[in-house]
Every structure is written in C-alpha cells, then in structure tokens.
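Some notes on the structure that comes next.
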Amino acid sequence: MAVIETEAVLHEAHRDNHTHRDVNGGWLRPAVFGAMDGLVSNLALMTGVAGGAADRQAIVLSGLAGLAAGAFSMAAGEYTSVASQRELVEAELDVERRELRKHPQDEEAELAALYAARGVEPGLAREVARQLSRDPEQALEIHAREELGVDPGDLPSPLVAAVSSFGSFAVGALLPVLPYLLGATALWPAVALALIGLFLCGAVVARVTARTWWFSGLRQLVLGGAAAGVTYVLGGLFGTAVG
C-alpha cells in the first residue's frame, strides 16, 4: 500500500508540474543576443572613442550611430539567418511529403523499423506505424520529428527574430548613451549604467536558463567590462598615434 501511495503522489506531482517553456519560438535567442550585443558593442565603441580623447559630442554621436547601425544590422542578419533556416526545413518537409504520397508503404515500414529499433516489439511497432500513417499530415509531423528533429507547425518566424533582435539591441545600446543625453559630461556614468544593465540582463537570462542569477549576471558584467576596458586602452593608443 505504501508503494502505491508513493507512486500516486509522484504521479500527481509530475502531472501538476509537467509543463515546459517554449524553446522553439524564435524570439529568445535573438532578444538575448541583441540586448547583450547592444550593451557590449556600444559601450566598447563609446569607451574606445572616449579613450582617444574625443569630446562629448563625438562620444554621443558615435553611440547613436552605433545604436542605429547595430540594430539594423542585427535585425537584417537575424531575418536572413532564420529565413534561410526555415526555407531549408520547408524544402526538406516537401521532400518528405512527396515520399509519403508516392511511397506510403515504404514510409510506414521505415517508421515501424524506427520504433522497433527503439525497443518496441516488432508486431506492435508495425501496428503503431500503420495507425499513425492513416492521417497524411500526422504522418508528416511524426516523420519530421523523428528524421529531421523539427515540428512543422512550430517553425521559427524570421519576422519575430528580426523584431526581437532590433528592439533588444536598440534598448541595450541606448543604456550607455542615456547618461550623455541626460546631460552627463563624464564617461563613468555611462559605464556604470551599462555595467548595471549587463548584470541585470544576465540575471534575467538566468530566470529562463535555470542558471544562478548572480553567476549569470557577474559573467555578463565581467565580459562587458573587459571589452570596454580593452577598447578604452586601444582608443588611447590609437588617439596618441594619430595625434
């Protein structure tokens, strides 16, 4: 009886918590990379210009130019990348769709063999494959999952990826510029705000990836700070050489 009760409790807990986050929506990766890239690249650009002893106007101009150029570049790159990937998957789905239409028995046997190779009794595997193959769309979905590792109904959207990337990059790139737009004349407020933004972005990402918030936040802060420090030194060296 104790065993049955334990199993019942485990089953109830599993049922109550058996939900998964969307990992194929196509928005998370470009949004995360966009925000991080906007923060790091624009902070590094501005510190590099500041390291070359440029005035406030030049620093602000470089920050705004970096924001605009980077946001459009990220959006275009994400759109092209995701669209190309989606077109490749759709082409492979068309191949599978034609095979199901021309050679349904061969495809059914292929599905049965796949289940049998995973440990299903051969007779049962053939029966499962037969029943699943009665609906062409269902058969296509199953073959796509098993052979291509994709869900035909949940392909990433190029537009979603582009918009997510554009918006998140622009927000990230705006942070180091914001203190100057509000009247700051020194570099340190821009650096401080950008580093805080990097830490917060890392902490937020940890909420999705199940990493500890402080580790993810510190990792982004250190990487962004290192990039800014290196470009500041290089800006000083190049500024001296050019001057």
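Excluded from the calculations below are hydrogen atoms, water molecules and symmetry mates; all remaining heavy atoms, backbone and side chain alike, are included.
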Tyr232 side chain reached by Val191 side chain, heavy atoms, under 4.5 Å: no
query: Heavy atoms, side chains only, cut-off 4.5 Å: are Arg145 and Val150 in contact?
result: no
Nearest-0.5 Å distance that lies between atom CD in Glu108 and atom NE2 in His103: 14.5 Å
- prompt: What are the two closest heavy atoms between Pro176 and Leu39, and how far apart are they?
  reply: CD-CD2, 4.3 Å
statement: Closest heavy-atom pair, Ser41 versus Phe169, reported as atoms and distance to 0.1 Å, is OG-CZ, 3.6 Å
query: Do side-chain atoms of Arg56 reach the backbone of Ala186 as a donor and acceptor pair under 3.5 angstrom?
result: no
message: Would you say Trp214 ends up clustered with Leu221 if hydrophobic residues are merged whenever their side chains have heavy atoms under 4.5 Å apart, either directly or through other cluster members?
response: yes
statement: Here the gap from Leu155 atom CG to Leu93 atom CG, rounded to the nearest 0.5 Å, amounts to 6.5 Å
Nearest heavy-atom neighbours spanning Pro158 and Ala83: CG-CA, 3.6 Å
message: Please determine whether side-chain contact (heavy atoms from CB on, under 4.5 Å) holds for the pair His143 and Glu99, giving the CA-CA distance in whole Å, both sets of side-chain angles, and the decisive distance to 0.1 Å.
response: CA-CA 11 Å; His143 279 274; Glu99 288 300 310; over 6 Å; no
message: Hydrophobic clustering (ILVMFWY, side-chain heavy atoms < 4.5 Å, transitive) - are Ile142 and Val128 grouped together?
response: yes
task: Would you mind telling me which of Leu182, Asn42, Leu193 makes a side chain to side chain contact (heavy atoms under 4.5 Å, CB included) with Val177?
output: Asn42
message: Rounded to the nearest 0.5 Å, what separates atom CG in Leu43 from atom OG1 in Thr231?
response: 7.0 Å
- request: Tell me, yes or no, whether the heavy-atom count around Arg126 atom CZ, taken from other residues, nucleotides or ligands under 6.0 Å, exceeds 12.
  value: no
- prompt: With distance as the sole test, does Ser133 use its side chain to make a donor-acceptor pair with the main-chain N or O of Arg130 at under 3.5 Å?
  reply: no
query: Of all heavy-atom pairs between Ala125 and Ala112, which one has the smallest distance, and what is that distance?
result: CB-O, 3.5 Å
query: Do Val160 and Pro156 have side chains that get closer than 4.5 Å, going by heavy atoms?
result: no
field: Heavy atoms of other groups near Tyr115 OH, more than 12 under 6.0 Å
entry: yes
- request: Go through the steps for Leu181 and Leu174 under the test side-chain contact (heavy atoms from CB on, under 4.5 Å), then give the verdict.
  value: CA-CA 10 Å; Leu181 297 179; Leu174 179 63; 4.2 Å; yes
message: How long is the straight-line distance from OG of Ser157 back to OH of Tyr79, given to the nearest 0.5 Å?
response: 8.0 Å
Derivation of the side-chain contact (heavy atoms from CB on, under 4.5 Å) call for Arg118 and Glu146: CA-CA 12 Å; Arg118 293 186 176 180; Glu146 298 292 346; 2.8 Å; yes
- prompt: Are Val171 and Leu45 joined in one hydrophobic group, where the rule is that I, L, V, M, F, W and Y side chains link up if heavy atoms are under 4.5 Å apart?
  reply: no
- line: When every non-hydrogen atom of Ala44 is compared with those of Ala227, the smallest separation belongs to CB-O, 4.1 Å
message: Could you see if Val40 belongs to whatever hydrophobic cluster contains Phe166? Use Ile, Leu, Val, Met, Phe, Trp, Tyr and a side-chain cutoff under 4.5 Å.
response: no
message: Can you tell me how far apart CD (Gln131) and CD (Gln138) are? Round to the nearest 0.5 Å.
response: 10.0 Å
Exam field: side chain Thr80 to backbone Ala76, donor-acceptor pair closer than 3.5 Å: yes
- request: Determine, step by step, whether Cys201 and Met36 satisfy the side-chain contact (heavy atoms from CB on, under 4.5 Å) criterion, reporting the C-alpha distance in whole Å, the side-chain angles of both residues, the deciding distance to 0.1 Å, and the verdict.
  value: CA-CA 7 Å; Cys201 282; Met36 297 298 180; 3.3 Å; yes
Joint hydrophobic cluster, Leu64 plus Tyr180, side-chain heavy atoms closer than 4.5 Å: yes
statement: Heavy-atom closest pair (Ile59 atom, Ser62 atom, distance to 0.1 Å) is O-OG, 2.7 Å
- line: To the nearest 0.5 Å, atom CG of Leu159 lies from atom CD of Glu78 at 12.5 Å
